[in-house]
Amino acid sequence: MTHSLALKVADAVADLLADPATAPPGSGAAPSNRQHLAYGPTGIALLHMERAAAGLGSWQRAHDWLAAAARAPFTSGPDSHPFYGAPALAQVLGCAADHLPGAYRRSLDTLDRQMAADVRRRLAAAHRRIDAGRLPEIAEFDTIRGLAGYGAYFMRLDPTGAEVRAILDYCVRLTEPVVHVSEALPGWWTSTGPSGRADDRFPGGHANSGMAHGVGGVLALLALAARHGITVDGHREALRMIVAWLDRWQEETGRGLVWPYWVTRDELRTGRLAPSAPRRPSWCYGTAGLARARQLAALAIGDADRQIEAETALVAALTDPAQLKATTDNGLCHGFAGLAHVAARTADDAHPSTVGQLRAAIPPLLTTVCPPGTVPEDAAMAAIRDDEAGLGFLNGAAGIALALLAPATAAPPRSAWDACLLIA
């Protein structure tokens, strides 16, 4: 019943978002959101693409949302990034083209050339920065705005291409320690706070662990490439270095292992994390996304013990009342639907000793999103009318509906919609 109810809620969201011309206000088509994968119409198109690929809906709905997005030119070059502008449009068009041979080919060829040029420019700047011994900005390497996000795109487009290898070479260099103000720091240490801006709460900067904005995304990219049989010099050493860093900072809660969102300069100097309340185990930050990244790394290097450790940590996070209490929404990025999707993706690759536990953790997550007695149409309308979350992909109704599909059907996505999250 839980699974079928979740599917009905996803159906209802898709029906309410069937047509950009008739979608409820706040559809994400505002000028400020039009080019953004996280909030705008391209993210809503992903929902309809996945449903069409699975035989649950019409491709026309996806085409209509893409047309709504593309009524004006998309930003390219330095002002764009994997979740904004031309690269965001390319991510979505690529998902459609996988299932509709020849569709959007001219547009994709143009976008691919723009993205390849952007990657070359970004890599040249990053290598100059490394050569000069300077610290990176988060936006240089992260999943949302940086080279890990570009790597996710080119891994799907052409895993053996030159762009992938060049990005992987950069990721290896990023893991090399850097000496800054007479201290040895990991190569992904930034001088800012987690927002990427100067922050008095982070004197001396921090090392970000997250999947969205930290080294978790770099780890996942390296692992996914290795699983495809694509490696560069120093690749496995870089994988092991990131894993060892996370090992150093993991904590045992009594329920299981957790990993911090970040490490500050004071924590680095003392070797101890500052006490904190339990944090939500989301995709973007925390144990859920990092457990998946560590599982992928363990699969890439053939380490069954570490794989089981990662999967067990995810089970613990998904069944720990303290961690779940810190989760306060249903969204894909850091909510219950996102947790269910990460759990389903992790279970698809899980060790026989943990797969049952992972599958068993999914129904309670779906029940949280869709409690017994839920009227699907009412739940869908409530999600759509949530002004704070919006209708989009990362936090809003479209992302919730997408994230419910795989856990509710126990089948992996039919499209590559979640490739941009670096979890598959």
Side-chain angles (χ1 to χ4, degrees), residues 133 135-138 141-142 174-220 237-295 297-298 303 305-327 334:
L135 298 177
E137 296 181 5
I138 288 176
F141 62 83
D142 76 359
L174 185 71
T175 66
E176 297 171 359
V178 60
V179 175
H180 186 258
V181 193
S182 302
E183 285 186 274
L185 303 171
W188 59 92
W189 192 279
T190 65
S191 59
T192 66
S195 68
R197 297 184 292 271
D199 191 328
D200 292 341
R201 297 171 301 168
F202 292 85
H206 79 296
N208 199 297
S209 305
M211 285 288 285
H213 295 300
V215 78
V218 177
L219 175 63
E237 292 79 3
L239 272 172
R240 291 188 173 93
M241 184 173 292
I242 299 172
V243 169
W245 170 267
L246 294 171
D247 286 347
R248 176 183 175 186
W249 295 104
Q250 68 190 18
E251 293 186 295
E252 173 60 62
T253 65
R255 299 278 307 198
L257 294 176
V258 298
W259 292 280
Y261 285 14
W262 47 67
V263 175
T264 68
R265 196 68 163 254
D266 286 345
E267 289 169 337
L268 183 67
R269 287 166 176 163
T270 63
R272 297 190 305 275
L273 293 171
S276 66
R279 287 173 163 162
R280 60 192 180 196
S282 54
W283 164 73
C284 54
Y285 277 106
T287 297
L290 285 173
R292 174 58 168 165
R294 287 172 66 95
Q295 179 205 37
D303 188 336
D305 289 341
R306 194 175 291 281
Q307 176 190 346
I308 293 169
E309 177 190 76
E311 293 161 4
T312 301
L314 180 56
V315 170
L318 299 181
T319 56
D320 180 0
Q323 292 187 64
L324 294 179
K325 185 178 180 180
T327 303
H334 45 250

- Could you give the distance from OG1 (Thr192) to CD (Glu137), rounded to the nearest 0.5 Å? 7.5 Å

- Over 12 foreign heavy atoms within 6.0 Å of CZ, Arg201: no

- Query: For Thr319, does its backbone N or O pair with a side-chain atom of Arg255 as donor and acceptor, under 3.5 Å?
  - Reply: yes

- With the side chain counted from C-beta on, respond yes when Arg265 and Trp189 share a heavy-atom pair under 4.5 Å apart, and no when they do not. yes

- Out of curiosity, Phe141 CZ to Thr190 OG1, how far, rounded to the nearest 0.5 Å? 6.0 Å

- Query: Heavy-atom distance under 4.5 Å between the side chains of Met241 and Pro186, does that happen here?
  - Reply: no

- Message: For Arg240, is there an ion pair with Asp303 - N to carboxylate O distance below 4.0 angstrom?
- Response: no

- Rounded to the nearest 0.5 Å, what separation is found between the CG atom of Leu246 and the CH2 atom of Trp249? 11.5 Å

- Task: Can you establish whether the number of heavy atoms outside Arg248 located under 6.0 Å from its atom CZ is more than 12?
- Result: yes

- How close do Ala317 and Pro281 get, heavy atom to heavy atom, and via which atoms? CB-CB, 3.8 Å

- Query: Can you name the closest pair of heavy atoms from Val263 and Leu268 and give their distance?
  - Reply: CG1-N, 4.0 Å

- Message: Quick one, Leu219 and Leu239 - any side-chain contact, counting heavy atoms below 4.5 Å?
- Response: yes

- Query: So how far is it from Leu290 CG to Gln250 CD, rounded to the nearest 0.5 Å?
  - Reply: 11.0 Å

- Query: Heavy-atom distance under 4.5 Å between the side chains of Arg292 and Leu314, does that happen here?
  - Reply: no

- So do Pro194 and His206 actually touch side chain to side chain, heavy atoms under 4.5 Å? yes

- Message: Quick check: closest heavy atoms across Arg280 and Tyr261, and the distance to 0.1 Å?
- Response: O-OH, 2.8 Å

- Task: Quick one: closest heavy-atom pair of Ala293 and Ala220, and the distance?
- Result: CB-CB, 4.2 Å

- Query: What are the two closest heavy atoms between His213 and Tyr285, and how far apart are they?
  - Reply: CB-OH, 3.5 Å

- Which atom of Pro203 lies closest to which atom of Asp200, heavy atoms considered: CD-O, 3.4 Å

- Item | Atom pair CG (Leu318) and CD (Gln323), whose distance is rounded to the nearest 0.5 Å | 8.5 Å

- Query: Rounded to the nearest 0.5 Å, what separation is found between the CG atom of Leu257 and the CD atom of Glu252?
  - Reply: 5.5 Å

